[in-house]
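Here is the structure we will look at.
Read the numbers this way: they start at 1 and go in the same order the structure lists the ligands and their atoms. Quick note: numbers below take in every heavy atom, side chains included, and nothing from hydrogens, waters or symmetry partners. Source: prediction; values computed, not measured.
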Amino acid sequence: MNPSDTLLPHDAPWVVVKFGGTSVSTRPRWDNIAGIAATHLAAGKRVLIVVSALSGITDQLKAIGEAPADAARCADLRDTIVARHHALFGEMGLSRRNGVDAWMAKLDQLLADPRRNTGELAWQAEVLALGELTSSTLGAAYLNSLGLTTHWLDSRECLRAEALPNQADWGKWLSASVRVRHDPQTAAALAARGNVFIAQGFIARSGESATAVLGRGGSDTSAAYFGALLKAEAVEIWTDVPGMFSANPRQVPDARLLSRLDYAEAQEIATTGAKVLHPRCIHPVRDERVPIRIKDTNRPDLPGTEIVWNTQSSAPSVKAISSRKGITLVSMESISMWQQVGFLSDVFEVFKRHGLSVDLIGSAETNVTVSLDPSDNLLDSDVLARLCTDLEAFCRVKVIAPCAAITLVGRGMRAMLHRLSAVLAEFGALDVHLISQSSNNLNLTFVIDEAVVDSLIPRLHALLIRAEVMRIGDPEIFGPSWRELAEDAAAVHRTSWWRRERGKLLALAAESTPRYVYCLDQVREQARGLGALGTVDRWHYALKANPHPDILRSLHAEGFAFECVSWNEIAALRRVLPELPAERILFTPNFAPREEYRAALAAGVRVTLDALHPIAEWGEDFSGRDIFLRVDLGAGRGHHDKVKTGGAQSKFGVSLSEIATFRNLAREHGARIVGLHAHLGSGILDAQHWRSVYVQLASLAEQFNRIEVLDLGGGLGVPSRPEDVPLDLAALGAALEEVKQAYPQFQLWMEPGRYLVAEAGVLLAKVTQTKRKGEVHYVGIDAGMNSLIRPALYESWHEIVNLDRLDAPPEELVQIVGPICETGDVLGNNRRLPACQEGDVILVAEAGAYGAVMGSRYNMREPAAEVCL
Ligand code: PLP
């Protein structure tokens with residue numbers, strides 16, 4: 001009998017483990033979940049696994065709920081959602097798809113439901129709930145297939161939504177709350193059924209049989225509800241970061257891991273900005289005194305952050321500095337308010353009537369200023385305008401936005417004021433709109449203009465440490481810095497797939513070299529990382545990077561559309577994916593002949609023009625057509641001058657000064673410009689780059705009449721040299737989201753190539769000869785620049801190892817060269833390798849992008865062949 005089938009003793013403790021979207025999106029991640037659950041089970045604990053939807057799915061379901069009338073878009077989203085779940089099902093190697101298909105059928109049913117026409121909130125909640133219902137169904141099937149008997153539990157059986165007083169209607173359905181206490185009967189009933197359960201985060205029962213969802217961070221909240229309901233020994237939130245930090249590490253790399261916090265401090269930090277834990281999930285466990293542990297899925301050995309009843313640390317100190325952007329201040333001025341009975345009651349009644357929850361309050365004899373936080377309120381200009389009109393019956397109203405709230409969090413704030421002088425001095429030069437000190441003595445908040453906050457926070461963090469109010473020397477409270485942890489993680493990151501697959505790679509090399517080998521799992525993992533950034537409405541794969549048919553098929557299954565730069569690329573793509581609708585292909589040629597544009601237009605492919613010539617000389621071809629315009633924003637970026645595609649020295653795009661001429665020509669010929677495009681270079685690791693492109697394109701688009709889409713191009717880099725810091729996807733997501741909020745009217749598209757495939761490919765070669773010339777030692781291999789031209793063309797750096805002697809210590813400094821008659825035929829300069837011998841297998845890493853596809857038959861040598869693992 002399976003050990004997970006024998007019921008544990010009735011008093012065995014419960015552990016609730018929660019996994020978010022990225023953690024449930026691939027088979028290796030599910031193996032990880034199985035490992036964590038099995039470890040708890042082996043320690044005699046019952047396990048309840050709470051899961052989110054696969055990454056990106058909730059955003060796609062949300063997009064359906066928000067644009068129910070756009071049939072084409074809904075159909076597109078529906079297909080992407082089904083394909084994602086089927087792809088994971090296939091990857092899991094499961095045999096019966098009924099469970100998943102039943103939920104997908106439910107999605108079709110909801111799309112055909114008449115409630116869709118009105119976008120009814122209850123209908124939206126049902127649509128949203130499908131993400132978790134499907135992921136948990138897939139998870140249960142997979143865990144059982146591994147031999148871990150796991151019972152699927154419908155969270156709606158246990159969690160019942162309760163309307164809060166004055167809660168707006170959307171909140172009841174889409175941001176619902178549940179009141180739970182320890183329920184020994186439910187716990188005992190579950191314990192009698194089994195040891196391991198899987199349930200959905202984010203969803204609850206509303207009324208008798210309807211479904212409500214818990215809003216953002218809902219899965220954490222569900223885990224906390226279950227933790228309280230079962231009075232668990234602990235709730236473990238497994239995530240992609242090591243815990244909570246003394247500041248947002250993306251703003252402050254020296255922020256410290258917070259090892260231990262009490263509930264009140266954690267609540268304050270979560271409420272005032274930290275995104276790791278949703279503020280709503282602390283209250284339920286605090287009542288039952290169930291500890292929360294935040295753990296890093298990638299590094300389970302790290303201690304993480306523990307949130308407990310009492311940290312034993314009562315000395316006043318600042319634990320964290322946090323910030324929230326998008327704050328709106330409403331300033332209410334009236335001389336008649338002084339000593340006027342009921343003034344506050346009157347104005348707050350207006351906020352209540354508009355369903356707005358007030359956060360901070362500052363008051364004077366003639367003025368009351370309050371802040372509205374976008375995470376608690378559905379703030380749009382209409383709501384604000386209506387609020388102001390109603391408030392004007394009592395006072396003069398001024399709205400100040402966008403603001404940011406900076407908060408210092410820690411016990412005994414009032415007892416530390418005298419030590420905060422240097423911190424307060426920083427605010428001296430700024431326009432501080434409001435200061436608030438919380439009555440629980442846990443926070444001190446300053447509201448300032450949003451624009452200065454990113455540069456201010458690192459300075460303030462350093463000053464708090466210098467003033468010793470943030471006592472980072474206390475190991476009970478503070479752990480290592482984000483920077484230290486990131487360096488360790490970079491080492492882990494470099495433990496690439498090809499190290500794990502060394503045996504297979506050696507066997508492939510024994511058959512023949514030179515050879516490119518691709519790992520499709522790695523392609524999928526990269527795709528899912530991007531897919532999880534819900535802000536991007538459509539991802540395209542720039543297939544110039546690597547058009548291998550299996551890669552095209554994999555990315556199609558991951559919901560990617562495609563970007564092509566030649567008619568032959570379009571034709572090759574359609575051969576591999578004959579069912580692909582033409583509108584999922586973007587054609588972005590440069591100096592291509594007229595026939596290619598005509599063929600693409602005839603095929604129904606979306607065409608981007610990047611010069612005046614086509615529209616000026618062949619204008620009739622574009623008459624009545626929707627076209628995109630590629631703009632040169634004036635400066636390129638990238639890992640090498642030859643990959644920068646902006647600025648006068650680059651041949652791409654229409655310069656800003658020529659846009660008016662382009663528009664006139666388009667108008668003359670009856671072509672509609674519906675999209676703006678900019679791709680300024682490749683191999684960019686700075687997330688803020690796309691923010692700046694996005695802002696520039698969006699403000700340009702506002703000068704046009706019918707722009708629907710902004711396409712920010714590709715260029716997303718992957719680290720190659722050991723010192724490179726990987727592109728911070730979360731920062732990219734946050735930056736894009738910020739701009740999207742300001743320009744929600746435009747769809748956002750992107751088209752990366754390299755990011756998806758670079759790390760998925762390696763080039764295998766064999767040592768042909770070795771040679772010494774004076775001090776210089778050459779190792780010759782059978783792959784040259786005709787197989788991989790990037791080092792010669794772009795001075796690109798690829799990790800190179802001797803796969804036969806992977807663990808041997810490096811002994812020699814060598815030049816790794818190919819067999820081509822060119823001095824530039826060098827794949828790696830000055831590399832430290834163990835002594836290499838003829839026949840040794842050499843691996844050139846990160847060769848999946850712009851590798852094989854740039855191969856040539858120079859010297860009449862065949863370039864490396866390609867194979868997928
Ligand atoms: N889009 C366009 C228009 C491009 O020219 C390129 C690369 O040349 C890409 C996307 C993809 O760039 P990357 O592979 O750096 O993401």
Side-chain angles (χ1 to χ4, degrees), residues 523 526-527 529-530 533 536 538-548 551-552 555 560-567 569-570 573 584-592 596-597 600 605-611 627-633 636-647 649-654 675-687 689-690 693-694 697 709-720 724 726-727 729 732 736 748-761 789-790 793-794 796 846-854:
V523 176
Q526 295 293 97
L530 294 182
L533 304 184
V536 178
R538 197 195 269 195
W539 287 100
H540 301 79
Y541 171 50
L543 65 90
K544 65 178 83 64
N546 188 331
H548 190 286
I551 291 181
L552 299 182
L555 288 170
F560 273 63
F562 296 88
E563 188 257 344
C564 300
V565 288
S566 72
W567 173 253
E569 280 192 353
I570 298 178
L573 174 65
R584 290 184 67 77
I585 306 176
L586 269 180
F587 185 41
T588 320
N590 172 250
F591 290 104
E596 294 198 22
Y597 292 87
V605 162
R606 173 102 49 201
V607 174
T608 305
L609 300 192
D610 91 329
I627 54 169
F628 276 33
L629 166 61
R630 176 166 180 177
V631 190
D632 177 356
L633 295 173
R637 298 264 320 244
H639 64 84
H640 189 269
D641 278 349
K642 290 200 180 117
V643 300
K644 293 181 181 160
T645 53
Q649 298 309 316
S650 124
K651 64 185 181 126
F652 301 94
V654 172
L676 291 183
H677 172 288
H679 169 85
L680 299 180
S682 279
I684 303 165
L685 294 168
D686 170 14
H689 163 71
W690 291 275
V693 173
Y694 194 179
L697 280 189
V709 176
L710 303 179
D711 181 337
L712 310 189
L716 287 75
V718 288
S720 56
D724 284 349
L727 174 65
L729 273 197
L732 175 64
L736 296 180
L748 173 61
W749 292 7
M750 289 185 78
E751 47 188 49
R754 180 168 173 65
Y755 186 84
L756 292 155
V757 288
E759 289 169 319
I789 202 172
R790 299 188 74 246
L793 193 58
Y794 308 131
S796 67
E846 213 191 279
Y850 307 102
V853 68
M854 285 191 171

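- The pair E563-R606 does not count as a salt bridge, with every side-chain nitrogen at least 4.0 angstrom from each carboxylate oxygen.
- Here R584 pairs with D76 under the salt bridge (charged side-chain N to carboxylate O under 4.0 Å, His left out) rule; sequence neighbours left out.
- Between the side chain of H677 and the backbone N or O of D711, no donor-acceptor pair lies under 3.5 Å.
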Ligand 1: protein N/O within less than 3.5 Å of ligand N/O:
from: ligand 1; atom 1: 1 (N); to: E751; atom 2: OE2; distance (Å): 2.6
from: ligand 1; atom 1: 14 (O); to: G753; atom 2: N; distance (Å): 3.4
from: ligand 1; atom 1: 14 (O); to: R754; atom 2: N; distance (Å): 2.7
from: ligand 1; atom 1: 14 (O); to: Y850; atom 2: OH; distance (Å): 2.5
from: ligand 1; atom 1: 15 (O); to: S682; atom 2: OG; distance (Å): 2.5
from: ligand 1; atom 1: 15 (O); to: G715; atom 2: N; distance (Å): 3.4
from: ligand 1; atom 1: 16 (O); to: G715; atom 2: N; distance (Å): 2.8
from: ligand 1; atom 1: 16 (O); to: G753; atom 2: N; distance (Å): 2.8

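- Across W749, F560, F587, a single residue satisfies ring pair (Phe, Tyr, Trp, His ring centres under 6.0 Å) together with H540, and that is W749.
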*asked:* Pair K544, V853 - check side chain to side chain contact (heavy atoms under 4.5 Å, CB included), show working.
replied: CA-CA 7 Å; K544 65 178 83 64; V853 68; over 6 Å; no
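- Remark: the backbone N or O of K651 is paired with a side-chain donor or acceptor of N590 at under 3.5 angstrom.
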